Amino acid sequence: MLSFVPSVLLPKKKFIYHYKNMRWARGRHETYLCFVVKRRVGPESLSFDFGHLRNRNGCHVELLFLRHLSALCPGLWGYGATGQGRVSYSITWFCSWSPCANCSFRIAQFLSQTPNLRLRIFVSRLYFCDMEDSREREGLRMLKKVGVHITVMSYKDYFYCWQTFVARKQSKFKPWDGLHQNSVRLSRKLNRILQPFETEDFRDAFKLLGL
DNA sequence: ATTTTCAAT
């Protein structure tokens, strides 16, 4: 079923290099997406799938994932073979970069057509989100609007990824310098991006008050 | 102080 996934586990060095949440991540011309797919049919039955992907041939990794979604999520658009009712899926992504504007809009559009699919996105770094009016910021807000939970990865998420997706051979996850501070900084930044309306309101209120 | 970004050579 997962024949399109080249290898199940990520080499340690690759994981560290691409998921490092440093301020200037020079030379990362690849994006990795580690995923967990939970499939539910009825109240009891539950199954898992996991793996990772990277962008290829100019195709962003998120769109690559969507392209293979029907293989990963059988019955997403129909009913379960057992006739117990509709299959539902919960997907969690851990991405080294947050999605670009185009991917965000495509994902949002896709999700609005698949109510039985829930998506949670963890990101290590924010992609082109420095400008206030960047389309990437718009895209992230769009994702939030359609119910995607987007979070910046913290220590526990890197730890989980290390345990789940990395060929770690019993080695323990060693956090890099600044992991926590960077995560906190990016997390605040993301929160500001996703809650622009309150700050706008404040700005308007201050303006009205002549402050 | 400034540095990057799902490449293109």
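Everything numeric here is computed off the predicted structure, so don't read it as measured data. Residue numbers start from 1 in every chain, and the chains themselves are labelled A, B, ... in the order their sequence lines are given, proteins ahead of strands.
Nucleic acid contact for A:Leu63: none, since no nucleic acid atom lies under 4.0 Å from a heavy atom of the residue.
In this structure, the CG atom of A:Leu53 is 17 Å from the P atom of B:dC6, given to the nearest Å. Straight-line distance from the CH2 atom of A:Trp93 to the P atom of B:dC6: 17 Å, rounded to whole Å. We find that CZ of A:Arg28 is positioned 17 Å from P of B:dT3, with the value rounded to whole Å. A straight line from CZ of A:Arg26 to C1' of B:dT2 spans 10 Å, rounded to a whole angstrom.
Nucleotides B:dT5 and B:dT9 place their P atoms 15 Å apart, quoted to the nearest Å.
Between A:Phe165 and A:His52, the distance separating the two ring centers is not shorter than 6.0 angstrom. In this structure, A:Phe94 has its ring center at least 6.0 angstrom away from the ring center of A:Phe35.
Residue-to-nucleotide proximity on DNA chain B shows that, of A:Asp130 and A:Gly58, the 5′-proximal contact is made by A:Asp130.
For the pair A:Tyr127 and B:dC6, the criterion of a side-chain N or O lying under 4.0 Å from OP1 or OP2 is met. Taking only side-chain nitrogens and oxygens, A:Asn102 never comes nearer than 4.0 Å to OP1 or OP2 of B:dC6. Contact between the side-chain N/O atoms of A:His29 and the OP1/OP2 oxygens of B:dA8 is not found at any separation under 4.0 Å.
For the residue pair A:Tyr158/A:Ser183, the side-chain donor-acceptor check at 3.5 Å is not satisfied.
The cluster map of Ile, Leu, Val, Met, Phe, Trp and Tyr, joined by side-chain heavy atoms under 4.5 Å apart, puts A:Leu9 and A:Val36 in the same cluster.
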